[in-house]
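Take a look at the structure set out below.
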Amino acid sequence: MAAGSSNYWKANLRKQARQLENELDLKLVSFSKLCTSYSSSRDGRRDSSDTTPLLNGSSQDRMFETMAVEIEQLLGKLTGINDKMAEYTNSAGVPSLNAALMHTLQRHRDILQDYTHEFHKTKANFLAIRERENLLGSVRKDIESYKSGSGVNNRRTELFLKEHEHLRNSDRLIEETISIAMATKENMTSQRGMLKSIQSKMNTLANRFPAVNSLIQRINLRKRRDSLILGGVIGVCTILLLLYAFH
């Protein structure tokens with residue numbers, strides 16, 4: 001009885017389970033690629049141009065629905081095979097054989113659980129992307145209509161903003177020029193005050209020391225007298241040289 005159950009297990013149930021698992025693996029890979037291509041095509045079309053209409057994803061939606069139904073059917077079949085294997089495992093009479101069958105059954109159940117989790121995760125991601133695109137579609141359409149209807153107003157607004165920026169730059173340059181002029185005026189005022197202070201100190205010293213002032217005046221008179229004498233000597237010598245040269 002146990003040998004017959006084991007042969008039935010190996011010849012039929014395990015073979016069917018492996019076939020379903022291989023088919024599910026291929027379907028899930030294709031399903032994941034479909035979801036990835038759907039997301040990439042949406043993002044690429046959205047980033048390429050603001051005025052380009054959204055990608056028509058009706059064919060991808062139909063393909064998604066078809067593949068989802070096929071994967072759900074395969075998961076249901078694999079679940080039924082696992083249930084049958086569980087029934088034969090519970091009816092096996094040999095303890096060692098029962099333990100081996102339980103181990104194999106647990107491995108197939110883990111594979112089924114992984115495939116189910118992956119399917120639901122991929123499906124949820126696809127539905128989230130599609131829902132987001134449907135929500136953004138109307139908003140993007142309103143934006144496009146607004147841009148097409150208010151292009152002139154946008155152009156005027158840009159010109160006004162540029163003119164305003166030019167005026168602000170001119171005001172800033174004028175303020176900088178006024179600041180430089182004020183600093184130059186303050187510097188010149190400070191220098192004039194310093195010169196007046198030096199002149200007043202010199203006048204004070206001259207008033208305090210009249211002898212020094214008179215000495216300076218005599219020195220200046222002598223310098224003028226020496227200059228006159230030297231000029232007269234030079235003039236006489238020049239006249240004598242001219243007379244000597246013509247005679």
Side-chain angles (χ1 to χ4, degrees), residues 1-50 52-141:
M1 181 67 180
S5 298
S6 177
N7 292 331
Y8 180 76
W9 174 287
K10 294 180 180 179
N12 295 300
L13 297 180
R14 289 190 64 186
K15 183 179 180 180
Q16 294 178 18
R18 288 177 179 175
Q19 289 177 353
L20 290 173
E21 287 170 358
N22 293 333
E23 190 173 354
L24 270 170
D25 186 65
L26 295 176
K27 288 287 185 181
L28 287 173
V29 171
S30 301
F31 192 64
S32 178
K33 289 182 179 179
L34 174 64
C35 296
T36 303
S37 63
Y38 183 87
S39 176
S40 300
S41 62
R42 292 281 181 168
D43 293 339
R45 181 60 63 92
R46 184 172 62 249
D47 296 337
S48 61
S49 176
D50 291 338
T52 305
L54 292 175
L55 179 66
N56 184 8
S58 59
S59 60
Q60 289 180 317
D61 292 338
R62 288 194 298 269
M63 189 180 298
F64 167 79
E65 298 294 341
T66 302
M67 293 185 68
V69 172
E70 292 177 355
I71 293 173
E72 287 176 351
Q73 291 176 354
L74 291 174
L75 289 174
K77 291 179 181 180
L78 185 58
T79 303
I81 296 297
N82 285 340
D83 293 339
K84 290 182 180 180
M85 287 192 294
E87 292 178 0
Y88 279 100
T89 301
N90 294 329
S91 64
V94 182
S96 60
L97 179 62
N98 189 23
L101 295 179
M102 287 294 295
H103 177 72
T104 304
L105 175 61
Q106 184 61 40
R107 185 168 62 84
H108 285 291
R109 284 179 174 175
D110 292 339
I111 294 173
L112 175 60
Q113 184 179 1
D114 292 339
Y115 285 162
T116 304
H117 176 72
E118 182 179 355
F119 168 69
H120 288 300
K121 180 180 178 181
T122 306
K123 183 179 179 181
N125 291 335
F126 184 90
L127 293 176
I129 293 172
R130 188 171 64 180
E131 183 178 0
R132 182 187 64 184
E133 291 298 333
N134 291 333
L135 290 174
L136 293 178
S138 59
V139 176
R140 196 172 290 111
K141 191 178 296 182

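On a predicted model such as this, the values are computed, not experimentally measured, just so you know.
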All N/O donor-acceptor pairs, side-chain side in residues 111-127, below 3.5 Å, sequence neighbours left out:
from : atom 1 : to   : atom 2 : distance (Å)
T116 : OG1    : L112 : O      : 2.7
T122 : OG1    : E118 : O      : 2.9
K123 : NZ     : E72  : OE2    : 3.2
N125 : ND2    : K121 : O      : 3.3

Is any side-chain heavy atom of H108 closer than 4.5 Å to a side-chain heavy atom of R14?
yes
Quick check: do K15 and Q19 have side-chain heavy atoms less than 4.5 Å from each other?
yes
Nearest-0.5 Å distance that lies between atom CG in L105 and atom CG in D110:
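Answer rounded to 0.5 Å: 9.5 Å.
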Exercise answer: donor-acceptor pairs, residues 73-81 side-chain atoms, under 3.5 Å, sequence neighbours excluded:
from : atom 1 : to  : atom 2 : distance (Å)
T79  : OG1    : L75 : O      : 2.7

Who pairs with E70 by side chain to side chain contact (heavy atoms under 4.5 Å, CB included), at least two apart in sequence or on another chain?
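With sequence neighbours excluded, E70 shows a side chain to side chain contact (heavy atoms under 4.5 Å, CB included) to K27, T66, given in chain and number order.
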